[in-house]
Protein chains: 2
Amino acid sequence: MTEPEPLHPLLRQRWSPQDFRTDHELDPVAVATLLEAARWAPSAGNSQPWAFVAARRGDDMHQRLVPNLLGGARRWGPRASLLLVNLCHRYVDESDYEYSEFAMYDLGQAVAHLTVQAQAQGLSVRQFRSFDRDAIEDLLTVAPGWQVATMAAVGVPPATPAPYAAKFPDGQVLPRARRDLSSVQTEGRAGSVDPGGRESR
Amino acid sequence: MTEPEPLHPLLRQRWSPQDFRTDHELDPVAVATLLEAARWAPSAGNSQPWAFVAARRGDDMHQRLVPNLLGGARRWGPRASLLLVNLCHRYVDESDYEYSEFAMYDLGQAVAHLTVQAQAQGLSVRQFRSFDRDAIEDLLTVAPGWQVATMAAVGVPPATPAPYAAKFPDGQVLPRARRDLSSVQTEGRAGSVDPGGRESR
């Protein structure tokens, strides 16, 4: 197997923290710049099947979102400087006809571009699905065909972790594990893929 | 509307070319580094629902893939230094039970991370769906539950375009158009989103 070279620092140093510094605040320009990165992501036929609701810690939308977080996100979500609701254009109006075969794929791309831009702004992003989707869709009056897909917490983690290993304040170490490159790059036989470990993201 | 600051150059200068320099070749280390970026992308519960087949211009896999390209990709696809087949883990084995609700979303993220790494290596990526999916799935002996989702052409475009505007060798200018930021960032009402122009990606 050919060994790769080190990744660009914006990718190499990226991780998904589970805690955020509450003394950090994001200004509206920083938020607009994050969304600008998502906006310029590529998409199938330029379909741009995405929309975002941004809530800065303490603002009105933030206060309405926080009670709808679930699981671990109830702890660290409210501590992030910014909560994002990531919406996907799944269907055409009220039909079950897909707006785009790649709507979720492209929303994932847009959030990934936002994540890279966040790194460039000294921020970290943790995406999550642990929230009450129905409640948040009611809260936002989501249009027909649109869906709340994921949320993201954006901010500054308490300590800078070593690359490829996340250390948490309580001393827990959660390695950033992935399948081997030889499993990810198949030789024309996806049948041989073994998804392997699921320890972290 | 708050004006964003300029994006990081890796994002600001990214575009999806429709032509590639045939005098450019990618070595195996560069290919491994691209896939390394995809490998380290985040995914729901670290599910890593992705796999990739890499074919460098002229190698055996490349020669088997090229006849299955369709539409415009028949012209520019073979000219790229690298063709990637991006596979998604959609279902559990032969069932219709989803492997992950976010499989396509996460594959999109992985390809986006690969795209950013490509920019850092002086390369451009154009993703596409214009290929005979059934034929390529037969060719690759894709495992149950896996699906060929997209392909990507990776290489060096003939000329460096101005940011936010793509110029093609035949003189055609295809602006990189996107919906306004005020449309992408909703104020808690996705119902007000207007997808707008679809000129490019």
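Note that this is a predicted model, so its numbers are computed, not measured. Every chain is numbered from 1, with letters handed out A, B, ... down the list of sequences.
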**OP:** Could you walk me through whether B/Leu35 and A/Leu181 pass side chain to side chain contact (heavy atoms under 4.5 Å, CB included), step by step?
**Re:** CA-CA 7 Å; B/Leu35 296 176; A/Leu181 189 54; 3.8 Å; yes

Original post:
Where do B/Gln48 and A/Arg178 land on the side chain to side chain contact (heavy atoms under 4.5 Å, CB included) test, with the steps shown first?
Top reply: CA-CA 8 Å; B/Gln48 308 171 64; A/Arg178 295 293 188 275; 3.5 Å; yes

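Residues of residues 65-78 of chain A lying under 4.5 angstrom from chain B, judged on non-hydrogen atoms, do not exist here.
Of the inter-residue distances, the one linking B/Leu11 atom CG with A/Arg39 atom CZ reads 13.0 Å to the nearest 0.5 angstrom. Atom CE of residue A/Met104 and atom SG of residue B/Cys88 lie 10.5 Å apart, to the nearest 0.5 angstrom. Rounded to the nearest 0.5 angstrom, A/Phe102 CZ and B/Thr150 OG1 are separated by 6.5 Å. The NE2 atom of B/His113 sits 5.5 Å away from atom OG1 of A/Thr115, with the distance rounded to the nearest 0.5 Å.
Contacts between B/Glu101 and chain A at a heavy-atom distance below 4.5 Å involve backbone atoms as well as side-chain atoms. Using a 4.5 Å cut-off between heavy atoms, B/Leu10 contacts chain A through its side chain alone, with no backbone atom that close. At a 4.5 Å heavy-atom cutoff, the contact between A/Asn86 and chain B is made by side-chain atoms alone.
Environment of CG in A/Asp96: sparse, with no more than 12 heavy atoms of neighbouring residues, nucleotides or ligands closer than 6.0 Å.
Considering only heavy-atom pairs separated by less than 4.5 Å from chain B, the leading option among A/Val116, A/Leu84, A/Val148 is A/Val116. Of the listed residues A/Val85, A/Leu34, A/Asp180, the one with more heavy-atom pairs under 4.5 angstrom with chain B than any other is A/Asp180.
At least one donor-acceptor pair closer than 3.5 Å links the side chain of A/Arg14 to the backbone N or O of B/Trp40. In this structure a side-chain-to-backbone donor-acceptor pair under 3.5 Å is missing from B/Asp106 to A/Gly108. At least one donor-acceptor pair under 3.5 Å links the side chain of A/Thr33 to the backbone N or O of B/Glu5.
With sequence neighbours left out, B/Asp60 forms a salt bridge (Lys or Arg N to Asp or Glu O under 4.0 Å) with B/Arg64. B/Arg56 is linked by a salt bridge (Lys or Arg N to Asp or Glu O under 4.0 Å) to nothing, counting only residues two or more places apart in sequence or in another chain. Contacts of B/Gln117 classified as side chain to side chain donor-acceptor pair (under 3.5 Å), with partners at least two apart in sequence or in another chain: B/Gln121.
Between A/Glu36 and B/Arg179, none of the side-chain N atoms (NZ, or NE/NH1/NH2) sits under 4.0 Å from a carboxylate O, so this pair counts as no salt bridge.
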